[in-house]
Protein chains: 2
Amino acid sequence: MNVMNASPRRKELTRLAAQLFVQEGFDRTTVRMLAQEMGIKSGSLFHHFKDKQEILAAVIEEGTHNALLIARRALDSCEDHPEVRLRAMARAHLETLFTDRNAHVVALFEWRRLTPDASAHLSHLRDAYEALWVAVIDDALAAGLIHGDRFLVSRFVLGALNWTVRWYDPDGPRTPDDLADELVAMIMARQDEQSDSLALRD
Amino acid sequence: MNVMNASPRRKELTRLAAQLFVQEGFDRTTVRMLAQEMGIKSGSLFHHFKDKQEILAAVIEEGTHNALLIARRALDSCEDHPEVRLRAMARAHLETLFTDRNAHVVALFEWRRLTPDASAHLSHLRDAYEALWVAVIDDALAAGLIHGDRFLVSRFVLGALNWTVRWYDPDGPRTPDDLADELVAMIMARQDEQSDSLALRD
DNA sequence: GAGGTAACCAAGCAAGCGCTAGTGTGAACG
DNA sequence: CGTTCACACTAGCGCTTGCTTGGTTACCTC
């Protein structure tokens, strides 16, 4: 995609860093912790990354890039109906959040730790992702599936989805797809359904 | 409420600390920064607080306590109708988030930095607040205003509301009350309305 | 087999961290 | 007038932080 994350070694290191950043937060993660997790000494870390900030940028780039990829793939491989596409986006978002979890969570919660340059450089990736959402929501609005202000609706939906990382238990009875479907059902103006949203599971 | 935050001096210091914690994050806020903001030297800080952790606990207690107070007041002073109560809760939540903003934001985003004891001690406050939400949502469900799983609906709504701190611009055209009303309209099964949610503002 | 290169290590520096110890202050109180 | 107490100060200790330096190893290439 661009300059960063060339070598496979660096990619693996980035993955490990993401895990630690989620566990401890960026600020509390020391270069020594990162090095130990990677099986090297702290000094060797700076052979792969210019400084700690660059590790964060690499992680966030990876996370956002993946989210964008998964969302695009989901939209491309589903039938062209507003409701289906809405559901597909919600499912893709949660899939990203719970499989490739770490990098995306870092992108959500540590963005402000980026240096201004890195932030500026990466924001176009995030904007591209949000544009996908706005488009899908626009279609749903036009089709009368949902109502409201396009800006507000997309913010609310993304907020509800992003916040799931704070309470969702992957080992619980609900699958990510359950969550996505329930959310879509919640915001849709009822017409056909009513049965499926009430008796979903146990 | 309990042992903490007795003196008015300490209350003022807590307010200043909240502001810095929001601006910089707990980890990046040093005791020297806190002291300077308070107009004293870093050593003097420990006359008021046992350690840095205790400052965080004080801030979070203040924030959660206030949120609970505002929500209770809002519920007490509104008519006893499920839709009105739902709207009142949403408005109260956003009012908390944008007037007493700092302390509540810290409570949301720095909770995991609390020591286990402090977390255990404060979690009952948060639980009490969430219980208010669940009760209001239960009523709305029973009245057929909304549908879905009570647990999921309350999580989604709280997520959407909490996430507003990431994008909402208080100087923009929308008031917090606008946001609250729009959110409630979004999740409600339509029956009466339709007009007001479409043409809210410019 | 000489030269280049990617990956790593040992050692440590300068800065900054949370926090403590010991010492004034001035107002309040008996 | 003497004691107390809340509040603040100075000075700095012991430790951790991100990062640098100079050197070593293993492999690839011509």
Side-chain angles (χ1 to χ4, degrees), chain A residues 3-62 106 110-119, chain B residues 3-60 106 110-119:
Chain A
V3 209
M4 334 183 97
N5 278 20
S7 77
R9 178 77 176 130
R10 177 163 157 147
K11 198 154 194 166
E12 167 68 4
L13 296 184
T14 303
R15 203 185 54 80
L16 288 168
Q19 188 188 333
L20 262 180
F21 287 164
V22 169
Q23 238 175 65
E24 305 286 328
F26 176 70
D27 294 320
R28 293 180 85 86
T29 305
T30 68
V31 293
R32 285 166 179 81
M33 291 165 66
L34 286 165
Q36 186 172 19
E37 193 75 11
M38 298 166 178
I40 57 180
K41 300 296 175 179
S42 73
S44 313
L45 220 160
F46 296 91
H47 172 71
H48 301 276
F49 303 92
K50 162 171 151 283
D51 54 21
K52 196 185 165 191
Q53 284 287 337
E54 196 182 280
I55 308 182
L56 178 62
V59 169
I60 290 187
E61 173 163 32
E62 184 74 13
V106 172
E110 309 282 3
W111 188 282
R112 28 179 275 166
R113 298 280 169 255
L114 286 172
T115 54
D117 342 345
S119 172
Chain B
V3 208
M4 336 182 95
N5 280 19
S7 79
R9 178 78 175 127
R10 177 163 158 148
K11 198 153 193 165
E12 169 66 4
L13 297 184
T14 304
R15 203 185 55 80
L16 289 169
Q19 188 187 333
L20 262 181
F21 287 163
V22 169
Q23 237 175 68
E24 305 286 328
F26 176 69
D27 294 321
R28 295 179 83 88
T29 307
T30 69
V31 293
R32 286 167 179 83
M33 291 164 68
L34 286 166
Q36 186 172 19
E37 192 75 13
M38 297 165 177
I40 57 180
K41 300 295 175 178
S42 71
S44 312
L45 219 160
F46 296 91
H47 171 72
H48 301 277
F49 302 93
K50 161 171 151 284
D51 53 22
K52 197 185 164 191
Q53 283 288 334
E54 196 182 282
I55 307 181
L56 178 62
V59 169
I60 290 187
V106 172
E110 308 282 2
W111 189 280
R112 30 179 270 165
R113 298 279 168 258
L114 286 171
T115 55
D117 342 344
S119 171

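Letters A, B, ... mirror the listed sequences (proteins, then strands); counts begin at 1.
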Between [X] ([atom1]) and [N] ([atom2]), how many Å, whole number?
X: B/Leu45; N: C/dT20; atom1: CG; atom2: P; answer: 12 Å
X: B/Ile55; N: C/dC19; atom1: CD1; atom2: C1'; answer: 11 Å
X: B/Phe46; N: C/dT20; atom1: CZ; atom2: P; answer: 7 Å
X: B/Asp51; N: C/dT20; atom1: CG; atom2: C1'; answer: 13 Å

side-chain hydrogen bond (donor to acceptor under 3.5 Å, both in side chains) against B/Arg28, all qualifying residues, sequence neighbours excluded: A/Asp27
Residues in salt bridge (charged side-chain N to carboxylate O under 4.0 Å, His left out) with [X], at least two apart?
X: B/Arg9; answer: none
X: A/Glu24; answer: none
X: A/Arg32; answer: none

Straight-line distance of A/Ile55 CD1 to A/Gln53 CD, nearest 0.5 Å: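 Spacing of CD1 (A/Ile55) from CD (A/Gln53) equals 9.5 Å.
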Rounded distance [0.5 Å steps], CD in A/Glu110 versus CG in A/Leu56: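 Here the interatomic distance stands at 7.0 Å.
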Test item: B/Thr29 and B/Leu34 side chains (from C-beta on) under 4.5 Å apart, heavy atoms: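 With C-beta onward as the side chain, the pair touches.
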Start and end of the DNA chain D segment that chain A contacts, any atom under 4.0 Å from a heavy atom: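 So the outermost contacting nucleotides come out as D/dT17 to D/dT20.
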Pairs involving residues 8-31 of chain B, ordered by first then second residue, that meet ring-ring contact (aromatic ring centres under 6.0 Å, His included) (sequence neighbours left out):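 As it turns out, the ring-ring contact (aromatic ring centres under 6.0 Å, His included) pairs with a partner in residues 8-31 of chain B, which skip direct neighbours, are B/Phe21-B/Phe26.
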Degree of bending in the helix from C/dG1-D/dC30 to C/dG30-D/dC1 once both end axes are built from five pairs, to 10°: 0°
Non-hydrogen atoms of A/Ala18 and A/Val59 that approach each other most closely: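 Shortest heavy-atom contact: CB-CG1, 3.7 Å.
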Expected list for residues 35-48 of chain B: side-chain donor-acceptor pairs under 3.5 angstrom, two or more places apart:
none

Residues from residues 17-28 of chain B lying under 4.0 Å of DNA chain C - heavy atoms: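 Heavy-atom cutoff 4.0 Å gives no residues at all.
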Nucleic acid footprint by protein, nucleotides 6-15 of chain C - heavy-atom cut-off 4.0 Å, B for base, S for sugar-phosphate alone: SBSBS-B---
Steps toward salt bridge (charged side-chain N to carboxylate O under 4.0 Å, His left out) verdict (B/Arg10, B/Glu54): CA-CA 12 Å; B/Arg10 177 163 158 148; B/Glu54 196 182 282; 3.0 Å; yes
